[in-house]
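Below you'll find the structure, written out as structure tokens, and then a few comments.
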Amino acid sequence: MRMTRLHAPTLKEDPKDAEVVSHRYLVRGGYIRKLAAGIYDFLPLATRTIHKIANIVRAEMSRAGAQEVFLPAVQPSEIWVESGRWSFYGPELLRFKDRKGAEFCLGPTHEEVIVDLVRRDVRSWRALPLNLFQIQTKFRDEIRPRAGLMRGREFIMKDAYSFDVDEAAALRSYDAMYAAYERIFRRCGLDFRAVEADTGAIGGSRSHEFQVLADSGEDAMVSCTACSYAANVEQAELPTPSRPATGESSLAKVHTPDRRTIDEVSAFLGRPAQAFIKTLIVHADGKLHAVLLRGDHELNEIKLKKRLGATLLIMADEAEVRAASGAPVGFAGPVGGLKVESVLADHAVAGMTDAVTGANEGDHHLTGVAEGRDFQVTGFHDLRMAADGDACPRCGGTMKGFRGIEVGHVFYLGTKYSKAMNCAFLNETGDEKPMVMGCYGIGVTRIMAAAIEQNHDADGICWPVAIAPFHVAILPLQMNVPEVVAAAEKLYAELSDAGFEVLLDDREERAGSKFKDADLIGIPFRLAIGARGLQEGIVELKHRRGGEVVKVPVGDVISQIRGLVA
RNA sequence: CGGGGUGUAGCGCAGCCUGGUAGCGCGCCAGUUUUGGGUACUGGUUGUCGGAGGUUCAAAUCCUCUCACCCCGACCA
């Protein structure tokens with residue numbers, strides 16, 4: 001490809017609406033443009049990278065036995081009513097009517113469509129296992145799209161669905177997908193980690209997320225430093241700690257004017273956050289409950305929801321907090337009783353002495369509070385998020401926290417959808433059974449963004465070779481020196497013929513501009529051809545990522561590149 | 001949805017407080033110059049000032065309504 005023909009409008013200045021690195025560089029590098037909030041145009045460079053990622057995904061899915069299909073983006077409401085998700089899904093599901101008034105939605109996912117397809121024609125155990133996948137544009141009307149491609153509303157996703165005769169077979173399908181995912185992300189050149197995850201609204205009993213390691217990631221994980229356990233902090237179970245030896249303390253009320261948060265009271269009283277008992281009032285299915293956590297811990301709403309068996313769980317509003325505690329938000333505490341259905345406490349609160357809590361009175365806290373002596377709870381449970389330094393639930397080792405970007409998710413679904421939508425088969429003994437399903441997603445466009453978050457420097461993108469839009473950039477540095485242009489053209493032809501994807505910067509620009517754009521776009525290897533070097537028969541080969549520069553005789557360029565790109 | 005903010009040339013911005021009919025940088029076009037990290041200079045092109053309504057002799061500027069977008073939060077296969 002010639003730069004003069006390539007539609008890659010690069011920008012010198014950062015776009016004003018881009019905060020995260022991947023968004024900035026994708027826009028500046030001429031990869032994407034925004035059409036509306038969370039909706040982007042993919043320009044030629046982005047399209048090339050997306051194709052690279054998609055082809056790796058295709059190859060590995062095929063290898064794992066899945067077959068590619070292409071399903072509609074527009075879906076009728078009937079199948080969603082059937083699965084129960086027409087009412088369960090909120091406004092995130094974009095709904096609309098056709099000219100006859102019939103209701104449709106833009107597919108945020110395709111369980112309904114695939115189950116409908118499979119149940120029509122698959123009636124026998126002989127046809128199973130079956131695994132179908134597609135690479136499709138999905139639409140989710142996110143409350144707040146952000147961070148460019150990381151959380152857009154419209155995005156490209158690979159989704160696969162497996163159908164099996166029983167749980168054991170379905171788990172084999174799951175394991176095959178898990179293995180395929182590891183191959184996919186490795187081939188994409190990403191530093192990633194598979195972690196145990198919550199199954200969320202989708203149900204099922206087994207689930208792993210594939211997380212690209214990046215400090216800018218939205219998700220927090222912990223992994224054990226001693227064994228292989230790794231999990232999302234939402235998912236990680238925590239071992240029950242041993243009760244601390246009871247210490248002595250005497251209860252006292254202190255005046256804490258206008259100090260509401262743990263941080264504020266902690267600074268005011270000079271006590272660490274670990275000495276606090278945080279009292280949260282939650283509203284679950286119409287009833288109020290209190291949750292007690294150690295001050296430095298964070299509530300895990302998923303665990304709490306499961307413990308309460310609640311379908312709807314939200315933080316109580318100000319009026320509810322006042323009704324439960326008799327005090328404004330920020331001063332609730334367990335001592336003296338709360339007007340709530342139950343008081344649940346995290347294990348870490350058990351046996352705390354000399355603790356600080358709210359006094360159930362505006363502008364006052366209690367110190368010297370002892371659990372058991374000053375208040376009782378309904379029960380102790382695992383209710384908090386795992387964090388850096390926590391003990392591993394498997395081996396007791398120490399867990400380390402890290403952040404990641406979720407690029408893939410595999411779920412064991414069971415029969416949730418096949419039962420709801422009557423997707424069944426006849427087994428060898430003639431009995432009708434619901435198929436046992438799994439579903440497996442990969443965010444194709446998110447991989448593009450995540451790869452940049454993980455692979456960039458101050459000048460631009462440093463693509464892994466496998467997903468770079470081009471392998472090599474050729475930069476003739478003096479367009480007015482015929483020998484330079486001729487040498488560049490010759491290398492361009494030779495490298496292209498040898499099967500490499502080459503971008504020739506044939507613009508009448510000075511060297512500086514070409515270097516800047518090549519760095520920004522992030523082509524892994526750069527050949528700079530200058531009049532000076534050419535006189536000695538050499539060109540300069542630079543590795544975008546490491547920055548190493550080697551002088552290469554013109555005749556050796558192809559073999560050198562061959563060794564690098566392979 | 002709650003809080004905060006922004007809409008003026010393709011991009012990034014100033015002008016608004018104190019109304020007088022629009023400007024800067026980058027880009028783009030022509031040329032000179034320069035020629036290994038966004039060269040310098042000359043000339044040129046580019047606007048329903050987000051939209052609607054109102055006040056006024058006069059509105060980018062003041063008022064009302066509205067739309068879009070961004071950030072924080074809640075939300076989330």
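Every heavy atom of this structure was used, including side-chain atoms; hydrogens, water molecules and symmetry mates were not. Throughout, a chain's letter reflects where its sequence line sits, starting with A, and its residues are numbered from 1.
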Scan the side chains in residues 436-449 of chain A for donor-acceptor partners under 3.5 Å anywhere in the protein, sequence neighbours excluded, and list what turns up.
residue	atom	partner	partner atom	Å
A/Tyr440	OH	A/Ser162	OG	2.7
A/Thr445	OG1	A/Ile156	N	3.1
A/Arg446	NE	A/Met150	O	2.9
A/Arg446	NH1	A/Glu406	O	2.9
A/Arg446	NH2	A/Met150	O	3.1

Identify all side-chain donor-acceptor contacts of residues 532-543 of chain A below 3.5 Å with residues at least two apart in sequence or on another chain.
residue	atom	partner	partner atom	Å
A/Glu540	OE2	A/Arg526	NH2	3.4

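Side-chain proximity of A/Lys516 to the nucleotides B/G38, B/C70, B/G36 is greatest for B/G38. Side chain of A/Arg532, nearest nucleotide from B/C76, B/C26, B/G36: B/G36. The side chain of A/Ala511 approaches B/G36 more closely than any other nucleotide in the set B/G36, B/G12, B/C70. The nucleotide whose nearest atom lies closest to any side-chain atom of A/Ser513 is, among B/G38, B/C76, B/C70, B/G38.
Shown here are the side-chain contact (heavy atoms from CB on, under 4.5 Å) partners of A/Val81, two or more places apart in sequence or in another chain: A/Trp86. The ring pair (Phe, Tyr, Trp, His ring centres under 6.0 Å) check on A/Phe42 picks up nothing, with sequence neighbours excluded. By the salt bridge (Lys or Arg N to Asp or Glu O under 4.0 Å) test, A/Asp41 is found to be paired with no residue, residues two or more places apart in sequence or in another chain being considered. Judged as a salt bridge (Lys or Arg N to Asp or Glu O under 4.0 Å), and not counting sequence neighbours, the contacts of A/Lys138 are A/Asp159. By the salt bridge (Lys or Arg N to Asp or Glu O under 4.0 Å) test, A/Asp164 pairs with no residue at all, sequence neighbours left out. When the salt bridge (Lys or Arg N to Asp or Glu O under 4.0 Å) test is applied to A/Glu82, the partners found at least two apart in sequence or on another chain are A/Arg119.
RNA chain B is contacted by both A/Thr10 and A/Met157; A/Thr10 maps to the nucleotide lying nearer its 5′ end (nearest heavy atom per residue). Each of A/Ala37 and A/Glu218 has a nearest nucleotide on RNA chain B; the 5'-most of these lies closest to A/Ala37.
Salt-bridge formation is detected for the pair A/Asp141/A/Arg153: a Lys NZ or Arg NE/NH1/NH2 atom is positioned less than 4.0 Å from an Asp or Glu carboxylate oxygen. Between A/Arg5 and A/Asp506, no side-chain nitrogen of the basic residue sits less than 4.0 Å from a carboxylate oxygen of the acidic one, so the salt-bridge criterion is not met.
Rounded to an integer number of Å, the gap from A/Lys12 NZ to B/C13 P is 17 Å. Atom CD in A/Glu508 sits roughly 13 Å away from atom P in B/C28 (whole-Å rounding). The distance between atom CZ of A/Arg510 and atom C1' of B/G37, rounded to the nearest whole Å, is 9 Å. In this structure, A/Gln211 places its CD atom 13 Å from C1' of B/C76, rounding to the nearest Å.
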Expected rows: protein N/O vs nucleotides 5-10 of chain B N/O, under 3.5 Å:
residue	atom	partner	partner atom	Å
B/U6	O2'	A/Lys16	NZ	3.1

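Between the side chain of A/Asp519 and the base of B/G37, a donor-acceptor pair under 3.5 Å is found. Side-chain to base pairing of A/Asp517 with B/G38: one donor and one acceptor N or O lie within less than 3.5 Å of each other. Looking at A/Arg151, its side chain comes within 3.5 Å of the base of B/C76 through a donor and an acceptor atom. Scanning atom types as modelled, no donor and acceptor separated by under 3.5 angstrom connect the side chain of A/Glu509 and the base of B/G38.
As judged by a 4.0 angstrom heavy-atom cut-off over every strand, A/Gly530 is placed among the base-contacting residues. Across all strands shown, A/Lys514 has no heavy atoms under 4.0 Å from either base or sugar-phosphate atoms. Counting non-hydrogen atoms under 4.0 angstrom, A/Asn480 reaches a base of the nucleic acid. Counting non-hydrogen atoms under 4.0 angstrom, A/Arg526 reaches a base of the nucleic acid.
With a 3.5 Å ceiling on both atom-pair distances, the Watson-Crick or G-U wobble partner of B/G12 is B/C24. Using N1 to N3 plus N6-O4 or O6-N4 for Watson-Crick, or N1-O2 and O6-N3 for G-U wobble, each under 3.5 Å, B/G73 pairs with B/C1. If you check B/U42 for Watson-Crick or wobble pairing at under 3.5 angstrom, you find it paired to B/A30. Nucleotide B/U56 forms a pair with no other nucleotide shown, judged by Watson-Crick or G-U wobble geometry with both contacts under 3.5 Å. Using the Watson-Crick or G-U wobble rule with both distances under 3.5 Å, B/C65 pairs with B/G51.
Rounded to whole Å, the separation between the C1' atoms of B/C24 and B/G19 comes to 22 Å. When the C1' atom is compared between B/C28 and B/C17, the two are found 35 Å apart, to the nearest whole Å. Comparing B/A22 with B/A14, their C1' atoms sit 11 Å apart, to the nearest whole Å. One C1' atom belongs to B/A59, the other to B/G53, and the distance between them is 13 Å to the nearest Å. Separation of the P atoms belonging to B/G23 and B/U48 is 15 Å when rounded to the nearest angstrom. Atom C1' of B/U64 sits at a distance of 16 Å from the matching atom of B/U56, rounded to the whole Å. Here, B/U18 and B/C62 have their C1' atoms 11 Å apart, quoted to the whole Å. Comparing the P positions of B/A74 and B/C63 gives an interatomic distance of 34 Å, to the nearest angstrom.
Within a heavy-atom distance below 4.0 Å of RNA chain B, the residues of residues 534-548 of chain A found are A/Glu540, A/Lys542. Near RNA chain B, meaning a heavy atom under 4.0 Å away, there are no residues from residues 72-80 of chain A.
Put simply, CD on A/Glu483 and CD1 on A/Ile529 are 12.5 Å apart, with the number rounded to the nearest 0.5 Å.
Taking the six-membered ring wherever Trp is involved, the centroid distance between the rings of A/Phe210 and A/Phe185 falls below 6.0 Å.
Sorted by first then second residue, the salt bridge (charged side-chain N to carboxylate O under 4.0 Å, His left out) pairs that include residues 20-36 of chain A, not counting sequence neighbours, are A/Asp14-A/Arg24, A/Asp14-A/Arg28, A/Asp17-A/Lys34.
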(request) Might you work through the salt bridge (charged side-chain N to carboxylate O under 4.0 Å, His left out) test for A/Arg2 and A/Glu489, ending with a clear yes or no? (result) CA-CA 10 Å; A/Arg2 289 170 186 277; A/Glu489 289 285 351; 2.8 Å; yes
